[in-house]
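See structure below.
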There are 2 protein chains.
Amino acid sequence: MNNTAVEGLPEPKTLVESAYRSLRRDIIEGNLAPDEKLRVEHLKDNYGVGAGTLREALSLLIADALVVSQGQRGFRVAPVSLADFEDIAQTRVMLECEALRQSIAMGDDAWEADLVAAFHRLAKAEEKRIGSEIREEWEERNRIFHEVLIAACPSRWLKHFLSILYHQAERYRRLSLYLQPIPRDIHVEHEALLHAAINREADKAAAILSEHILLTFRSVQAIPAEQLNAKLQA
Amino acid sequence: MNNTAVEGLPEPKTLVESAYRSLRRDIIEGNLAPDEKLRVEHLKDNYGVGAGTLREALSLLIADALVVSQGQRGFRVAPVSLADFEDIAQTRVMLECEALRQSIAMGDDAWEADLVAAFHRLAKAEEKRIGSEIREEWEERNRIFHEVLIAACPSRWLKHFLSILYHQAERYRRLSLYLQPIPRDIHVEHEALLHAAINREADKAAAILSEHILLTFRSVQAIPAEQLNAKLQA
DNA sequence: GAGTTTAAAAATCTCGAGAAAAGTTGTTGA
DNA sequence: TCAACAACTTTTCTCGAGATTTTTAAACTC
């Protein structure tokens, strides 16, 4: 089930997996623009694999809804739209709040410890949040923090779907962090989330998480259309 | 996004798609047993395609979580378990009830008409529900009825996830219909669901749908372990 | 000039064979 | 008897080339 998670980092033992990861990264980071055509014959050189291997990697990416394919007309990067992002944000609020409630209800001491640790790592990365490789580190730690938050939720399917939605949202979020029109202190939000979770205040934690996710959507929503389109085609 | 839906029936225009559908059908129907190893060299003859083509079809099935792959060890049919089915049922209750509420809130006259039509087609199939090709017809119409129920829900992601869960549940449900230990009148359940939806009684409809889904789980749960295992290995 | 038909070009889809890894079997040595 | 090792078999993974289909461009008619 978990081909989207990529937890620790079990080295890719196959070329398909390697190409899959590179492609996914390039799509999420925007190096491959939304709706861009993915010509196999051209891309196979860039990623240093054969045609069949690349096709297989692209097929894998369909699971994450980062690539779409159509009949006899090849592959494309999944298109983006504000409506889609709104849908992603709302669905994520619904699922992630429920998962968080379950996680708070069932989490044990070890979970709390993992949570504190994940928050600490994230906080350290937030202090020095300038530069691009630092940024990747922050992205990684932010993902893990959210992952640990719901780790004690027993539903594998809920977590599976959230993993997909998280990566989808990340693609959009990459925009809002660079050109951020709504002022916000993400660190404070995460801190409040941490304390509410540790104190087992499920309603409060869910409310904070909900706001946290929706704020990111409103951030992108507030970006002027021209500026956004320029970004999206980049 | 919708590689799992297969709505009307746009003829498979490619061998990959064709193999994908045949494989999915065989997995859901249980012709390919849970956890069974899927050897490419052996299967390519059965489905009349090349090795690369079959690999691609298998990669596509990972999106539906009907196939799992592992490093350098090939593909397997996704395993099954009672715990997994419970998770599927509960997650489905959560998502499908929410989708149904939204659908009831937003559905227009055309939606009502589609719903009545879908129910009628399902009812006709229920009358003559004996024989195996009749059974396939019932399965198809049951799926469409559930699909139409939530069709007016505006969230594409919710519907996408539900489509995945539906096919997962179908695999388990195939068991409970044959050896049905809990007596139930599915027709009455569907009818109550239809009327609650048309009358815009969201709470009532959600309650019925919730019971409807959970009853299927309890049906499988009530099957004696030996009998179930025999089925699962078949 | 607009729209249709025809032909060339590009891209997709498909296959079978070769390299690499995993799994199996049998043998050897304590 | 058991474990470790080695040779063999099976299977997965990978690639490049050929067959179809789509796309592009040009030529032609109305």
Side-chain angles (χ1 to χ4, degrees), chain A residues 1-3 6 9-24 26-27 32-63 65-79, chain B residues 1-3 6 9-27 31-63 65-79:
Chain A
M1 179 190 289
N2 250 346
N3 65 320
V6 189
L9 2 145
E11 287 307 303
K13 277 302 174 202
T14 174
L15 280 188
V16 172
E17 179 119 353
S18 176
Y20 164 74
R21 291 199 196 177
S22 302
L23 276 164
R24 191 173 64 157
D26 284 340
I27 292 174
L32 293 169
D35 211 47
E36 181 176 336
K37 197 142 188 8
L38 296 169
R39 290 180 198 78
V40 176
E41 290 301 317
H42 184 242
L43 261 62
K44 65 172 208 173
D45 301 323
N46 295 23
Y47 294 92
V49 295
T53 304
L54 189 70
R55 285 183 63 84
E56 211 175 303
L58 289 171
S59 299
L60 249 19
L61 280 164
I62 292 179
L66 290 170
V67 163
V68 295
S69 78
Q70 195 188 16
Q72 197 91 255
R73 270 176 248 172
F75 302 88
R76 305 186 83 93
V77 177
Chain B
M1 178 192 291
N2 250 345
N3 66 319
V6 191
L9 5 142
E11 288 306 305
K13 277 302 173 202
T14 174
L15 281 187
V16 172
E17 179 120 353
S18 176
Y20 164 74
R21 292 199 196 178
S22 302
L23 276 165
R24 191 174 63 158
R25 189 184 175 87
D26 284 340
I27 291 174
N31 300 336
L32 293 169
D35 211 46
E36 180 176 336
K37 199 145 187 2
L38 296 169
R39 290 180 197 80
V40 176
E41 290 301 318
H42 184 243
L43 261 60
K44 64 173 209 173
D45 301 323
N46 295 24
Y47 294 93
V49 296
T53 304
L54 189 70
R55 284 183 63 83
E56 209 174 305
L58 289 170
S59 298
L60 249 18
L61 280 164
I62 293 178
L66 289 170
V67 163
V68 294
S69 79
Q70 196 187 18
Q72 198 89 258
R73 270 174 245 173
F75 302 88
R76 306 186 83 93
V77 178

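Each chain gets a letter, A, B and so on, in the order its sequence line appears, and its residues count up from 1.
With respect to E17(B) and K13(B), no salt bridge is recorded, no charged nitrogen being found less than 4.0 Å from a carboxylate O.
If you take CG of L43(A) and C1' of dA11(C), they are 13 Å apart, rounded to a whole angstrom. The CG atom of L58(A) sits 12 Å away from the C1' atom of dT12(C) (whole-angstrom rounding). At whole-Å resolution of the value, CG in L38(A) and P in dT22(D) are 19 Å apart. Summarising the geometry, the separation between CZ on R39(B) and P on dT12(D) is reported as 7 Å, rounded to the nearest angstrom. A straight line from NZ of K37(A) to P of dA10(C) spans 15 Å, rounded to a whole angstrom. As a whole-Å value, the separation of E36(A) CD from dA11(C) P is 13 Å. Straight-line distance from the CG atom of L60(B) to the C1' atom of dC13(C): 14 Å, rounded to whole Å.
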Are V16(A) and V49(A) close enough, and set up right, to give a side-chain contact (heavy atoms from CB on, under 4.5 Å), and what steps lead you there?
CA-CA 8 Å; V16(A) 172; V49(A) 295; over 6 Å; no

Could you go through L38(A) and L58(A), starting from their C-alpha distance and side-chain angles, then the distance that decides it, and tell me whether this counts as side-chain contact (heavy atoms from CB on, under 4.5 Å)?
CA-CA 9 Å; L38(A) 296 169; L58(A) 289 171; 3.8 Å; yes

Does L66(A) form a side-chain contact (heavy atoms from CB on, under 4.5 Å) with V77(A)? I'd like the steps, not just the answer.
CA-CA 6 Å; L66(A) 290 170; V77(A) 177; over 6 Å; no

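Separating the OG atom in S59(A) from the CZ atom in R55(B) is a distance of 10.5 Å, to the nearest 0.5 Å. Between the OG1 atom of T14(B) and the OH atom of Y20(B) there is a distance of 13.5 Å, given to the nearest 0.5 Å.
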Give every pair of a protein N or O atom and an N or O atom of nucleotides 13-16 of chain D that lie under 3.5 Å apart, one pair per line with the distance.
unit_1, atom_1, unit_2, atom_2, d
dC13(D), OP1, G71(B), O, 2.7
dC13(D), OP2, R55(B), NH1, 2.6
dC13(D), OP2, R55(B), NH2, 3.2
dC13(D), O3', T14(A), OG1, 3.4
dT14(D), OP1, T14(A), OG1, 3.1
dT14(D), OP1, L15(A), N, 2.3
dT14(D), OP2, T14(A), OG1, 2.9
dT14(D), OP2, V16(A), N, 3.4
dC15(D), OP2, G50(A), N, 2.6
dC15(D), OP2, T53(A), OG1, 3.0

